[in-house]
Amino acid sequence: MKKLLVTSLLALPISASAEGNKVRVELNKLEAAGEACQAYIVIENSTAQSFDKLALDLVMFDPDGVISRRLAVEMGPLRSGRTSVKVFGMDGTTCDGLSRILVNDILSCESDGTARKDCMDLIETASRSSVELIN
């Protein structure tokens, strides 16, 4: 009976407090801007920390799965418990020339003026676009 109880407890969903320790990076939409593609990113910081800097190393893949470009994008500053929107352009890249974007690494991450090493573990990705955002 005790074994069944433990199994049942493990089947329960993750609590809101465990989920609340993430920085959710969502590719909300892509929009053509002349010869470039503009990305709209929604960032939800549900951690207890504010981030002075959070620079992502993004790798773009074409529809054939071939790397088409790499881009460093600053997402900070991010206040604790807040949602913000960042917009950046990808010159020379058309929106229909993308199939997915990889958050390859964290280039810099600072909280209260101190560099952090755990930021990649905090990142959770999502996409509302036909282009995937993965990590």
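Here the structure is a predicted model, which is why all the values come from computation and not from measurement.
- Contact check for Arg100 versus Ile134: side-chain heavy atoms found under the 4.5 Å cut-off.
- Taking 4.5 Å as the limit, some side-chain heavy atom of Leu71 sits within range of a side-chain heavy atom of Met90.
- Rounding to the nearest 0.5 Å places CG of Leu78 at 8.5 Å from OG of Ser50.
- With rounding to the nearest 0.5 Å, the separation of SG in Cys109 from CG in Asp118 is 6.5 Å.
- If you check the side chains of Ser111 and Gln49, you find a donor sitting under 3.5 Å from an acceptor.
- A distance-only check finds a donor-acceptor pair linking the side chain of Ser46 to the backbone of Lys22 [under 3.5 Å].
- Using a cutoff of 4.0 Å between basic side-chain nitrogens and carboxylate oxygens, Arg24 and Glu44 are scored as salt-bridged.
- Evaluated for a side chain to side chain contact (heavy atoms under 4.5 Å, CB included) with Asn28, the options Ile43, Val87, Val42 yield exactly one hit, Val42.
- Interatomic distance, Cys119 SG to Ile106 CD1, rounded to the nearest 0.5 Å: 6.0 Å.
- Side-chain atoms of Glu74 come within 3.5 Å of backbone N or O of Gly76 as a donor-acceptor pair.
- Checking side-chain atoms of Asn45 against main-chain N and O of Thr47 turns up a donor-acceptor pair under 3.5 Å.
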Requested in this report: Apply the test side chain to side chain contact (heavy atoms under 4.5 Å, CB included) to residues Phe61 and Val131: give CA-CA distance (whole Å), side-chain angles for both, the deciding distance (0.1 Å), then the verdict.
Outcome: CA-CA 10 Å; Phe61 293 84; Val131 174; over 6 Å; no
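- How far CE of Met75 is from CG of Leu58: 6.0 Å, rounded to the nearest 0.5 Å.
- Cluster membership check: Ile123 shares its hydrophobic cluster with Ile41, using side-chain heavy-atom separations under 4.5 Å among Ile, Leu, Val, Met, Phe, Trp and Tyr.
- With salt bridges taken as basic N to acidic carboxylate O contacts below 4.0 Å, one links Glu26 and Arg128.
- A side-chain donor-acceptor contact under 3.5 Å links Asp62 to the backbone of Asp64.
- Side-chain heavy atoms closer than 4.5 Å link hydrophobic residues (I, L, V, M, F, W, Y) into clusters, and following such links, possibly through other members, connects Leu102 to Ile67.
- Between the side chains of Thr94 and Asp96, a donor-acceptor pair is found at a separation under 3.5 Å.
- Closest heavy-atom contact between Pro63 and Gly97: CD-O, 3.4 Å.
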**Report entry** Pair Phe88-Gln38, side chain to side chain contact (heavy atoms under 4.5 Å, CB included): steps then yes or no
**Finding:** CA-CA 6 Å; Phe88 63 91; Gln38 235 175 7; over 6 Å; no
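- With rounding to the nearest 0.5 angstrom, the CZ atom of Arg70 is 14.5 Å from the CD1 atom of Ile101.
- One hydrophobic cluster, built from ILVMFWY side chains closer than 4.5 Å, holds both Leu122 and Met120.
- Interatomic distance, CG of Asp121 versus CG of Asn135, reported as 9.5 Å (0.5 Å rounding).
- Contact check for Leu98 versus Thr93: side-chain heavy atoms found under the 4.5 Å cut-off.
- Hydrophobic cluster membership is shared by Phe51 and Val103, with clusters built from Ile, Leu, Val, Met, Phe, Trp and Tyr side chains linked at under 4.5 angstrom.
- For the pair Thr125 (side chain) and Leu133 (backbone), a donor-acceptor distance under 3.5 Å is present.
- Put simply, the side chain of Asp52 gets close to the backbone of Gly113: a donor and an acceptor are under 3.5 Å apart.
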